[in-house]
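Single-structure report; data block below.
Here is the naming used below: chain letters follow the sequence lines, and residue numbers restart at 1 for every chain.
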Amino acid sequence: MTDLADLSIADAGAGLRSGEFTARDLVDAAITRAAVTEAHLHAYLTLDQDRARAGADAADAAFAAGEDRGPLQGIPIALKDNMSTRGMETTAGSRILAGYVPPYDATVVAKLQEHHAVIMGKTNLDEYAMGSSTENSAFGPTRNPWDTDRVPGGSSGGSAAVVAAGSALAALGSDTGGSIRQPASLCGLVGVKPTYGVVSRYGLIAFASSLDQIGPFTRTVTDAATMLEAIAGFDIRDATSYRGDTPDISSLLDAGVAGMRIGIVKELSGDGIDPQVDQACAAMYKALADAGAVVSEVSLPASEYALSAYYLIAPAEASANLARFDGVRYGLRVDGETTEDMMAQTRAEGFGPEVTRRILLGTYALSAGYYDAFYGQAQKVRTLVRNDFAAAYEKVDVLVSPTSPTTAFPIGERTEDPLSMYYADVCTIASNLAGDPSGSVPIGLDDGGLPIGFQIMAPALHEAQLFRVAAEVERLAGFDARPALATSEVLPA
Amino acid sequence: MTDWEAVIGIEIHVELQTKSKMFCGCAVDFTAEPNTMVCPVCLALPGALPVPNQEAIEGILRIGAAFDCELVEHSLFHRKNYFYPDLPKNYQISQYDIPLCINGHLDIDVDGEEVTIGITRVHMEEDTGKSVHGSETGRIHDADHSLLDFNRAGVPLVEIVSEPDIRSPEQARAYAAELQRVVRSLGVSDVRLEEGSMRFDANISVRPVGQEEFGTRAEVKNMNSLRSLHRASAYEIQRQIALLEGGGTVKQETRHWDEGSGTTAGMRSKEESEDYRYFQEPDLVPLRVDDEWRDRVAASLPELPASRRRRLADAGVERQAAATMVEAIDLAEMFDAAASLGADAKQVGNWLTGEVVAYLRRNEVELGDTALAPEHLHELGQMVEAGGLSSTAAKDVLGYVLAGEGAPGDVASAHDLTQISDEGALDAEVQKILAENPDVLERLRDGDMKPIGFLVGQVMKATRGKADPKVVSSLIRSKAQGG
């Protein structure tokens with residue numbers, strides 16, 4: 001029998017309801033798996049076994065009392081450590097927040113708890129979600145379960161690694177420029193960034209407010225839909241939250257793609273894309289056409305500037321968002337001669353080099369005399385990117401591309417070269433600038449046995465179309481490989 | 001010698017008296033223990049987000065509408081970035097290039113002359129917390145520690161920026177005073193200078209009369225009363241004139257008003273000017289004020305001080321009484337109710353702003369705490385007019401009515417204050433006094449009417465003040481003339 005830690009949410013839910021096993025069994029399996037894998041991965045920053053077991057027992061008690069709050073009841077779920085959890089340390093991967101225990105739950109956390117999901121703990125990330133490899137964590141990097149010499153992607157690398165390794169059945173991440181989709185791609189998982197505003201950001205430690213969105217990591221497309229349905233919805237505490245009805249997510253999972261118009265993003269193929277990734281994607285384009293979709297090539301001309309615009313807008317917002325970390329009210333405090341000095345010293349010691357770089361970059365981009373040339377110009381590019389998408393969606397229903405230009409890269413390879421690291425987001429950033437939903441689905445392995453991800457992008461609030469194509473891609477790819485770490489219980493620590 | 005003209009623009013901050021703060025649900029309560037009116041949002045805990053307070057937006061729209069501003073359809077919030085320990089986010093959510101209200105004006109009355117002061121903009125922002133510096137002197141430079149209270153952090157703050165239309169310290173004072181009255185009449189803020197719920201800064205420059213171009217301005221801060229606004233402006237104007245006449249130049253700087261010495265002094269200025277790096281607040285969406293909202297706001301405006309002042313004057317209320325009633329809404333409402341019953345405007349105005357105000361002060365109560373009703377004022381007026389009550393006795397009756405003893409007629413009877421104006425009833429008393437003073441009567445008969453006052457006084461005394469002096473006087477006259 002499959003180890004319980006490797007089940008999908010759907011299968012685990014079926015087992016829980018048939019009485020085959022309990023939520024406590026599931027959580028114990030995930031904890032047992034973590035005991036083996038964590039020494040290799042360092043994916044969890046906090047793994048609260050007592051709380052997880054108590055949560056499982058509560059879910060079991062509810063089942064016993066005939067109370068069923070839906071498909072997440074009793075399911076062990078991990079949270080990226082930039083989501084506020086009442087009573088559980090929340091660090092954003094930063095030294096400046098080490099030891100900070102929030103007095104309140106993020107809206108997504110509250111929603112998961114309402115569903116009787118079991119919170120396993122908090123996962124590692126690039127400090128303040130700034131990075132594409134999880135190497136920027138103040139608490140050390142996370143490694144990829146498929147090859148522990150490689151990165152899991154980032155910034156939600158810890159969330160990707162725990163789901164791939166089996167120390168949680170699903171996880172939440174946040175995606176500002178690709179931070180869910182790229183690690184999902186590098187770890188062989190499904191990862192979805194919903195339409196901006198569909199999931200509340202209340203309690204998510206902000207990186208770039210106009211781009212950040214929370215979304216799921218799962219092993220199947222159906223599970224991703226289940227997770228998203230649980231966390232989506234208008235939230236009075238988030239003024240940017242979407243006020244209309246929550247969009248349909250899962251009604252078209254089985255509809256297939258016959259007759260759908262699918263556009264291949266011209267700018268995201270060929271040059272700049274690893275040949276094996278490019279070929280795998282090309283094969284999927286063909287498979288989709290064979291499945292009845294009308295596949296054509298579509299150009300997004302402004303995407304050439306999207307990366308540059310992103311690296312002005314996101315740092316500019318971050319420079320203000322991170323100003324509150326000053327040693328005055330919580331977190332690290334480094335004493336100084338004056339209050340101002342104390343604040344400066346705290347920030348100098350509390351932030352890592354990438355965060356410092358982005359704060360400086362953002363501060364500069366907003367400065368008098370430079371605003372128009374940098375931040376102002378970037379906002380214009382953002383409008384152009386949106387216009388590109390709008391024009392493209394006149395012709396096609398969804399757009400497709402690779403999720404990441406490469407498969408997982410070796411630890412340390414790009415840490416000295418920020419630009420090469422930034423390039424890891426080249427395929428994913430445009431969706432954030434547009435605010436549109438997009439997701440990554442694993443479609444195969446490269447020669448090195450590393451997963452390749454396939455990206456699907458849809459117009460705002462058209463999650464149902466995104467999931468419709470994702471489900472078909474999943475069926476066509478038939479991807480069922482598992483990382484070595486999850487299958488060998490005897491791997492030496 | 002050059003004639004100089006002052007050019008003053010004033011920025012006024014008003015703290016709105018809303019139930020909750022600008023961007024969170026915390027109560028606005030300045031009497032609470034430090035740091036008890038706080039939450040993740042106003043403490044800027046990681047992950048917390050702002051949500052605009054509709055009541056505050058409504059409040060600022062009312063202020064804007066009262067100044068005849070254009071209420072902007074789509075306005076934006078911006079972040080104003082600067083580091084300060086009592087600013088939890090280290091940025092203030094404010095408005096920048098597209099504020100909620102623009103292009104208004106306020107008409108002020110300066111010694112009978114009406115002057116129109118333009119209002120450039122009215123925008124919404126949030127207040128900071130409070131720092132308390134722990135030292136003997138309370139000054140930051142001597143402090144070995146500082147304490148922070150965030151109860152005020154996030155309280156809705158409205159900034160009202162005038163055009164540089166003000167030309168004298170008197171106008172500056174009149175502008176601030178009238179603005180305070182207007183905002184108070186809207187009921188959106190208690191606008192108390194001493195408590196900091198209204199604060200002002202003045203941009204002051206001088207130029208030779210006739211010159212179009214503005215002189216270099218200094219921004220004067222730390223004026224805590226209307227009087228200090230007047231004094232500081234007067235001082236600063238004279239300082240700049242003296243400087244320029246002495247061949248010097250005015251430096252563009254922020255100057256601190258010192259109440260004790262009655263002078264302004266330049267504040268330690270930083271090497272470079274502050275760059276607030278404004279950018280649109282990404283946690284908030286543009287604010288939309290549609291026609292329906294605009295109409296609702298306009299319809300909700302109460303009578304504003306200027307129009308009330310005009311209306312009271314037209315009704316015949318004396319200037320001083322009208323000014324008092326412009327300040328005190330409860331008095332004005334009582335006046336209106338009594339006037340609508342047909343009471344004499346001048347008399348009721350004087351009673352309300354004279355005896356009634358004196359009574360309220362003496363007993364430290366509000367008008368609403370007393371038993372006085374508009375009907376009482378009307379009745380009192382009728383009694384005086386009919387001669388049943390002397391104007392002196394009317395004031396006493398008013399006192400008893402205020403104290404809750406009953407309606408004027410009953411009170412006057414109970415205290416035996418009704419006036420005797422019946423000639424028949426007074427005839428005997430007059431006869432008696434004349435008989436007692438034959439020599440005086442003789443003088444009257446000779447045409448010397450001077451002692452008539454003495455005789456009237458004697459009758460008043462004999463009737464313990466209840467006789468109607470007018471009736472007594474005419475009775476004595478007729479008798480002197482041979483009656």
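Both the sub-6.0 Å distance and the 45° axial angle are satisfied by Arg79(B) relative to the ring of Tyr91(B).
For chain A, the nearby parts of Asp283(B) are the backbone and the side chain; heavy atoms of each come within less than 4.5 Å. Of the atoms belonging to Tyr278(B), it is backbone heavy atoms, and not side-chain ones, that fall under 4.5 Å from chain A. For Tyr370(A), no part lies near chain B; criterion is any non-hydrogen pair under 4.5 Å. Only the backbone of Pro50(B) has a heavy atom closer than 4.5 Å to any heavy atom of chain A. Contact annotation for Thr363(A): both backbone and side-chain heavy atoms come within less than 4.5 Å of a heavy atom of chain B. For Tyr128(A), no part lies under 4.5 angstrom from a heavy atom of chain B. Within the 4.5 angstrom heavy-atom criterion, only backbone atoms of Ile236(A) (N, CA, C, O) approach chain B. Looking at Tyr202(A), both its backbone and its side chain come within 4.5 Å of chain B, counting heavy atoms on both sides. Contacts between Ala365(A) and chain B at a heavy-atom distance below 4.5 Å are absent for every atom of the residue. Residue Ala106(A): no heavy atom, backbone or side chain, is found under 4.5 Å from chain B.
Taking Ala48(B), Pro40(B), Ala44(B), Cys24(B) one by one and counting their heavy-atom pairs under 4.5 Å with chain A, the maximum is reached by Ala44(B). For chain B, the option among Asp326(A), Asn321(A), Leu322(A) with the highest count of heavy-atom pairs below 4.5 Å is Asn321(A). With chain B as partner, the option from Ala239(A), Pro102(A), Ala323(A) having the largest number of non-hydrogen pairs under 4.5 angstrom is Ala323(A). Options Gly25(B), Pro52(B), Pro88(B) differ in how many heavy-atom pairs under 4.5 Å they form with chain A, and the most are formed by Pro88(B).
The aromatic rings of Phe351(A) and Phe325(A) sit perpendicular to each other, their planes meeting at more than 60°, with 30° as the lower class boundary. Phe207(A) and Tyr310(A) have perpendicular rings, their planes meeting at more than 60° on a 0 to 90° scale where under 30° would count as parallel. The aromatic rings of Phe279(B) and Tyr375(A) stand perpendicular to each other, their planes meeting at an angle above 60°, with 30° marking the opposite boundary.
A salt bridge does not link Glu58(B) with Arg62(B): every distance from a Lys NZ or Arg NE/NH1/NH2 to an Asp or Glu carboxylate oxygen is 4.0 Å or more. Note on Glu73(B) versus Arg288(B): salt bridge recorded, some NZ/NE/NH1/NH2 to OD/OE distance being below 4.0 Å. Using a 4.0 Å cut-off between charged side-chain N and carboxylate O, Lys89(B) and Glu126(B) make a salt bridge.
Within 6.0 Å of atom CZ in Arg237(A), 12 or fewer heavy atoms from other residues, nucleotides or ligands are found, so the atom counts as exposed in its surroundings.
Side-chain polar atoms of Asn222(B) and Arg199(B) form no donor-acceptor pair below 3.5 angstrom.
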